[in-house]
Amino acid sequence: MKQNSTLQFHLQEQTENIWRKFLNALPVIAFFLAMFYLVIGLFGMQYVMVVSLATLVFQVNYKKRHSAGTLIKLIIQQLFLVILAYIATLNIFMSLMLNLIVPFWLIFSKASPFNQLGYFSSLMTFTFMQLMHMDWNGFSRQFTAMFFCCGAFFIAALFYTRVRKEPAGNGTEEY
């Protein structure tokens, strides 16, 4: 009898833990799904990679208490990295130069002893945007899709900051 009640308690505890994790991940899931379907509907399936990158930026930053200024700075940096990634696809020389310079710039500017992976989401943006080689029209559409996702990130992060009740934890990304 005692073993049965212990097993039941353990199962209930696991169920509550899974439910808590799901509720914790729900804002990221909702953001991803909304952006996924909006980007497909507005821009097309070939631009859906920007959704994953914007979701990563959202996941890293949505629990932090950001001001509008720090969010805008982060968005400008992401858009600048998209431009650099496009330039890196133009020829082999630019690709070599930017792939040597940009990772070091991101690591030195965003990593710290307390946050060794602070550059991760930015480096992912630069790296994965290079995988989508496009002409100028494709790039302008891709940039617009990323701008759209960053705008949604801005609104969602400010909204979440306003409605969040618990105190903010330590940040994981530096500016």
Side-chain angles (χ1 to χ4, degrees), residues 21-22 24-64 66 69-112 114-160 171-175:
K21 286 180 181 180
F22 173 75
N24 203 21
L26 194 57
V28 177
I29 294 168
F31 182 83
F32 175 80
L33 290 174
M35 290 298 95
F36 183 79
Y37 289 113
L38 285 169
V39 166
I40 288 175
L42 296 172
F43 302 100
M45 187 69 168
Q46 64 270 28
Y47 302 103
V48 81
M49 185 182 287
V50 299
V51 173
S52 296
L53 298 170
T55 301
L56 178 62
V57 173
F58 178 75
Q59 182 179 9
V60 168
N61 291 287
Y62 81 103
K63 288 186 178 181
K64 299 176 191 173
H66 285 291
T70 59
L71 288 174
I72 289 172
K73 184 178 174 184
L74 179 62
I75 289 168
I76 289 171
Q77 183 182 47
Q78 292 296 310
L79 295 173
F80 181 64
L81 289 169
V82 171
I83 293 169
L84 289 177
Y86 173 71
I87 293 170
T89 65
L90 295 178
N91 62 48
I92 191 72
F93 176 74
M94 292 307 293
S95 178
L96 289 171
M97 293 305 296
L98 288 173
N99 278 289
L100 288 172
I101 295 169
V102 171
F104 285 107
W105 164 57
L106 291 173
I107 290 168
F108 286 123
S109 67
K110 296 180 83 68
S112 73
F114 302 107
N115 182 18
Q116 295 174 355
L117 293 176
Y119 60 91
F120 182 72
S121 61
S122 299
L123 189 58
M124 293 284 287
T125 298
F126 177 70
T127 303
F128 285 125
M129 287 292 103
Q130 289 181 66
L131 299 176
M132 299 173 58
H133 182 71
M134 303 182 169
D135 62 359
W136 176 252
N137 291 332
F139 167 71
S140 62
R141 196 159 171 91
Q142 178 189 53
F143 186 83
T144 305
M146 185 65 163
F147 185 79
F148 174 77
C149 287
C150 285
F153 157 70
F154 179 81
I155 293 167
L158 280 181
F159 174 77
Y160 194 84
T172 60
E173 188 156 340
E174 283 189 3
Y175 298 101

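- In this structure the side chain of Phe120 never reaches within 4.5 angstrom of the side chain of Leu106, judged on heavy atoms.
- Here the shortest heavy-atom pairing between Phe22 and Ile29 reads CE1-CD1, 4.2 Å.
- Within the structure, every pair that satisfies the side-chain hydrogen bond (donor to acceptor under 3.5 Å, both in side chains) test and touches residues 95-104, not counting sequence neighbours, is listed here: Ser95-Asn99, Asn99-Gln130.
- In this structure, the separation between CZ on Phe31 and OH on Tyr62 is 12.0 Å, given to the nearest 0.5 Å.
- Residues that satisfy the side-chain contact (heavy atoms from CB on, under 4.5 Å) test with Asp135, not counting sequence neighbours, are Asn137.
- When all heavy atoms of Phe148 and Val39 are compared, the closest pair comes out as CD2-CG2, 4.4 Å.
- Across His133 and Thr89, no two heavy atoms sit closer than the pair CE1-O, 3.0 Å.
- Expressed to the nearest 0.5 Å, how far CG of Asn61 lies from OG1 of Thr70 amounts to 8.5 Å.
- Contact detail for Leu98 and Ala88: the closest heavy-atom pair is CD1-N, 3.7 Å.
- Shown here for Leu158 and His66, the closest heavy-atom pair between the two residues is CD2-O, 4.0 Å.
- Residues Tyr86 and Trp136 have side chains in contact (heavy-atom distance under 4.5 Å, counting atoms from C-beta outward).
- For the atom pair CZ of Phe126 and CZ of Phe80, the computed distance is 10.0 Å after rounding to the nearest 0.5 Å.
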Can you list, pair by pair, the side-chain donor-acceptor contacts under 3.5 Å of residues 40-54, counting residues two or more places apart and other chains?
none

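- Scanning all heavy atoms of the two residues, the minimum distance from Leu81 to Thr125 falls at CB-CG2, 4.2 Å.
- Residues passing the side-chain contact (heavy atoms from CB on, under 4.5 Å) test with Ile76, sequence neighbours excluded: Ile72.
- The side-chain contact (heavy atoms from CB on, under 4.5 Å) check on Leu79 picks up Ile75, Phe143, Met146, Phe147, Cys150, with sequence neighbours excluded.
- Applying the side-chain contact (heavy atoms from CB on, under 4.5 Å) rule to Phe104 yields the partners Phe108; only residues at least two apart in sequence or on another chain are considered.
- You'll find the side chain of Val82 stays beyond 4.5 Å of the side chain of Gln78, heavy atoms only.
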Legend entry - Derivation and outcome, side chain to side chain contact (heavy atoms under 4.5 Å, CB included), residues Phe128 and Leu131: CA-CA 5 Å; Phe128 285 125; Leu131 299 176; 3.4 Å; yes

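- At least one donor-acceptor pair under 3.5 Å links the side chain of Ser109 to the backbone N or O of Trp105.
- Rounding to the nearest 0.5 angstrom, the gap separating the CG atom in Leu38 from the SG atom in Cys149 is 8.5 Å.
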